[in-house]
Trainee: 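This is the structure I have questions about; it appears just below.
One is the number of the first residue; the rest follow in order along the sequence. In what follows, every heavy atom counts, from backbone to side chain, and hydrogens, waters and symmetry copies are set aside.
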Amino acid sequence: MAKREQTTDAAGEKDREKWMARFQVRLAMQPGVDRAVVLQAVKEVTAHSADTGEHPRSAFGDPDVHAVHVAARLVPADRAARARRRNAGVDALDSVLRKAREATGL
């Protein structure tokens with residue numbers, strides 16, 4: 001293999017790794033997503049890319065958008081709703097604690 005081809009392959013692999021890393025992080029941030037959902041989604045993307053030779057960006061588009069779609073497909077609606085409510089409660093508590101720290105100068 002020519003040196004130019006090796007460089008192109010390495011750049012393509014690095015871009016694929018960046019896409020997958022971004023996808024995993026954004027997916028993990030979605031309400032109700034647990035480790036099993038992330039692993040299943042990564043397995044699906046990896047299998048598709050291996051079968052077709054297609055880059056994930058070509059097949060699935062933007063990793064952020066794909067993460068939202070995958071979460072909507074794989075996470076039961078009631079679990080996602082519970083997670084959103086829990087996150088809202090934590091955010092409210094964090095806001096109160098932040099204001100208390102500012103008021104007391106801590």
Trainee: Mind checking the CG-CD spacing from Leu27 to Gln40? Nearest 0.5 Å is all I need.
Mentor: 10.0 Å
Trainee: Please determine whether salt bridge (charged side-chain N to carboxylate O under 4.0 Å, His left out) holds for the pair Lys14 and Glu17, giving the CA-CA distance in whole Å, both sets of side-chain angles, and the decisive distance to 0.1 Å.
Mentor: CA-CA 5 Å; Lys14 185 160 181 92; Glu17 289 173 6; 6.0 Å; no
Trainee: Please check if atom CZ in Arg73 has more than 12 non-hydrogen atoms from other residues, nucleotides or ligands closer than 6.0 Å.
Mentor: yes
Trainee: Once you round to the nearest 0.5 Å, how far does CE of Met29 lie from CD of Gln24?
Mentor: 14.0 Å
Trainee: Are the side chains of Pro63 and Met20 in contact, using a 4.5 Å heavy-atom criterion?
Mentor: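 No, every pair of side-chain atoms sits at 4.5 Å or beyond.
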Trainee: So which heavy atom on Val70 is nearest to which on Ala41, and how close?
Mentor: CG1-CB, 3.6 Å
Trainee: Tell me, do Gln30 and Val33 make a side-chain contact under 4.5 Å, heavy atoms counted?
Mentor: yes
Trainee: Go through the steps to decide whether Arg22 and Lys18 satisfy the test side chain to side chain contact (heavy atoms under 4.5 Å, CB included), and finish with yes or no.
Mentor: CA-CA 6 Å; Arg22 174 83 181 205; Lys18 285 172 119 177; over 6 Å; no
Trainee: Of His48, Glu54, Glu44, His55, which meets side-chain contact (heavy atoms from CB on, under 4.5 Å) against Phe60?
Mentor: His48
Trainee: Is there a donor-acceptor pair closer than 3.5 Å between any side-chain N or O of Trp19 and the backbone N or O of Asp62?
Mentor: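 Pair absent, no side-chain N/O of Trp19 close to backbone of Asp62.
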